[in-house]
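Shown next, in structure tokens, is the structure this report addresses.
What you see below is based on every heavy atom in this structure, not just the backbone, and it leaves out hydrogens, waters and symmetry mates.
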Amino acid sequence: MTKSVREPIQVYLTGDERRVLDDKARSLGVSRSEVLRRGVLAMRQPSALGYLPQTEAVTAARTPPGEAPPSLPMASLKRLLSGLTADRSER
């Protein structure tokens, strides 16, 4: 695998999804980011996955291409930063 410039993304997980991510990272001895990277790469190999079941996390687009999706309520910056601080202190 060649190294390239990485860019940050933001993902919102449920408590259960976060526990699964943490458990997998711990069992593999890698970071959560590495688990997510491996998951993204695995998505390129459908034969390895078999199929991707339809869940609430994987839904069809509800707006046509080029049209912005409806806006959802956003957390305040103060709340986001306090969550980030708490997350970093747990590591």
Review point. Mind checking who shares a hydrophobic cluster with Val35, ILVMFWY linked at side-chain heavy-atom distances under 4.5 Å?
Key: Ile9, Val11, Leu13, Leu21, Leu28, Val30, Leu36
Review point. Taking only residues two or more places apart in sequence or in another chain, which ones pass side-chain hydrogen bond (donor to acceptor under 3.5 Å, both in side chains) with Glu7?
Key: none
Practice item. Could you pull out all residues at least two apart from Asp22 that satisfy side-chain contact (heavy atoms from CB on, under 4.5 Å)? Key: Arg18, Arg26, Arg32
**Study point:** Value rounded to 0.5 Å, distance of OG in Ser31 from CZ in Arg37
**Key:** 5.5 Å
Review point. About how many Å separate CZ of Arg38 and NZ of Lys24, when rounded to the nearest 0.5 Å?
Key: 10.0 Å
Study note, to complete from the structure: By side-chain contact (heavy atoms from CB on, under 4.5 Å), Val40 pairs with (sequence neighbours left out) none
Practice item. Could I get the full list of side-chain contact (heavy atoms from CB on, under 4.5 Å) partners for Ser82, not counting sequence neighbours? Key: none
Check your understanding: By side-chain contact (heavy atoms from CB on, under 4.5 Å), which residues pair with Thr14, not counting sequence neighbours?
Key -> Asp16, Glu17
